[in-house]
> 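Structure below; questions to follow.
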Amino acid sequence: MRAEAAGEDAAFEREAVKLKQQQRFLPAFIVIMIMAVLIASYVVAAYAMVRPDEDRICNGVYADEIDLSGMTAQEAQNVLNEHIAKLSQRTLTVDINGKLVSTSLAELGYACESGPVIEKALKIGKEGNLFENYTRIKKVAAEHVVYTLTENYSNEKLQEFVRKKCAKKCTKMKNSSIRMKNGKLEYTKSRQGEVLDVQATTQVIQEALREQEDAAEVKAAAVVNVQEPKVSKKLASRCKDELGRFSTNFNAGNVSRSKNVANAARLINGSVINPGETFSVHDVISPMTEENGYYAAPSYSNGEVVDSIGGGVCQVSTTLYNAVLRSELEIVERSPHSMVVTYVKPSMDAAIAGDYKDLKFRNNTEVPIYIEGGTLSGTVFFHVYGEETRDPGRKVEYVSETLETIQPGEDKVTYDKTKPASFMEVTQEAHIGYKAVLWKIVTENGDTKKTQINSSTYKAEPRYVTRGGAKTTPKPTKDPKASATPRATAAPRKTASPRSVQPEKTPKPTKRPVATKAPEPADPADATAVPVPPGGAAE
């Protein structure tokens, strides 16, 4: 029993101790709660004092160096627009090997995105709970938040500035030029050039804009490469030897054709072909227009001789062709005429017609080629200059060989009903056709080598004749008048035996004309040339 009583006393004592402890902590708890309520009230009151309006930015928020504190979104936008406008007027200066080019950033399409900055600024102190927002606002006010405006540029405008304005400051490379003066070749000085690397320079400027975003003047150096001239004066001066020449004669009495020949020779005269380059006669003498100095003159077209602008220029290309052959340059393209010409032998001609017949040759030497050409007293000539590297004993000859002769056939007759039957006019003489080849015969060190250069086919064309086609009709006989009352008939007188009526003689057919012979080599005897074609459909 005593044991049970002792246990109950101990439990009672423990409960009493616990009660006393609770009674002792209760005032403290009440104090803590009161303090919490007071602190919360203070925070609420303090937050209410610092909390910005819903549409305004809290204190301590900056965009770059612009203070946005207390501003509305629209106010902030206006202020930043002014700031961005000032930034766009900053200057970019690019140094191109000591030559400066400047522009404003506005011309490069400078722009800043202020919208995202304003949106972030408005959210500060408004996204968390009361205590978080209060703490954030107080911290921002004390330490500041600075947003950096993101700058953008137009890559297209930046590259255009580099490509046009900066590249224009670069010194252009200059090749040594060659000219003939007073019968002597002269050479100008060459010059190194500068080539601006547009892509690399653009990247350099972009880096400078990022690194110097606060500078009033952004500076950058262009990336420039040195360009050596293709033809130095030393190389050009090696063009001093005459490699080949040729001339043909033309009828100076044919004024329009003579002018065309002189004009085409003038356009070619002075041409320089650098090593590896290809020369096109068509490109140099075109366009075949009156504005370019040409006149209407006879030329070949579809087997007929017709007038066309530039008639005669093929004699120029033919003469140059033979000069180039003797210079032993590489022939890239050459075409024969449709019909044979008389100022050179078959396969020695070179026709020009539209964009399908041209004379092209390549400078396959290591030295520039200079072409001198012109006309004088019914002669068109070309001299080709370069560096002579051939053996002095080397002999070159070109021989035309006719493989086949094609007769022109019967006349092509056209009847003109307005002309009498006895009328006949030859409008175009006949042309014999040929198949021919050109041989190059080289004799050197006692050895002879024969090489075929080209083959040519020339059409045969009959003589074109116009005859009269008018028909003659007999005049109608008049009605006989009645005779008077007959008299007594007398003995009839004897009449002579009537002569037989001979029929009207018809003209004998003319003999088919003999076609022109194969042309002889060009010499003074060949002063009358068969018309040569210009560009276009004729040749």
> For Q192 and Q227, test the side chains for any donor-to-acceptor distance below 3.5 angstrom and give the result as yes or no.
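No pair is found: no donor N or O on one side chain lies under 3.5 Å from an acceptor on the other.
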> Around atom NZ of K169, are there more than 12 heavy atoms of other residues, nucleotides or ligands at under 6.0 Å?
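At most 12 heavy atoms, drawn from other residues, nucleotides or ligands, come within 6.0 Å of this atom.
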> Side chains of T188 and S177 only: does a donor on one sit below 3.5 Å from an acceptor on the other?
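Their side chains do contain a donor-acceptor pair, which is all the 3.5 Å distance test asks for.
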> Indicate whether the side chain of T248 and that of T319 have a donor and an acceptor atom separated by less than 3.5 Å.
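Yes, a side-chain donor-acceptor pair sits under 3.5 Å.
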> Is the closest side-chain donor-acceptor distance between Y153 and Q206 under 3.5 Å?
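Distance-only check fails for Y153 and Q206.
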> How about D358 and S280: does a side-chain donor come under 3.5 Å of a side-chain acceptor?
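Yes, S280 and D358 have a side-chain donor paired with an acceptor closer than 3.5 Å.
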> Can you say whether the rings of H337 and Y343 are parallel (under 30°), tilted (30 to 60°) or perpendicular (over 60°)?
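Perpendicular.
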> Show your reasoning for whether side-chain hydrogen bond (donor to acceptor under 3.5 Å, both in side chains) applies to R266 and N269.
CA-CA 5 Å; R266 175 188 63 82; N269 179 49; over 6 Å; no
> Have T93 and S102 got a donor and an acceptor in their side chains that come within less than 3.5 Å?
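Yes.
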> Would you call the rings of F381 and H383 parallel, tilted or perpendicular, where under 30° means parallel and over 60° means perpendicular?
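Aromatic pair F381/H383 classed tilted.
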> Is it the case that the side chains of T379 and N249 hold a donor-acceptor pair, with the cut-off being a distance below 3.5 Å and no angle test?
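On atom types as modelled, these side chains qualify, holding a pair under 3.5 Å.
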> Whether the S347 and N454 side chains hold a donor-acceptor pair (N or O, under 3.5 Å, no angle test) is what I'd like checked.
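A pair is found: one side chain offers a donor N or O, the other an acceptor, under 3.5 Å apart.
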> In terms of side-chain heavy atoms, does R257 have a donor or acceptor partner in N260 at a distance below 3.5 Å?
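Checked: R257/N260 side chains show no N/O donor-acceptor pair below 3.5 Å.
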> Excluding sequence neighbours, so at least two apart, what forms side chain to side chain contact (heavy atoms under 4.5 Å, CB included) with K189?
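By the side chain to side chain contact (heavy atoms under 4.5 Å, CB included) rule, K189 matches K233.
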> Keeping Y398 on the side-chain end and N322 on the backbone end, is there a donor-acceptor pair under 3.5 Å?
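Not at all, since once roles are kept as given, no pair shorter than 3.5 Å links the two residues.
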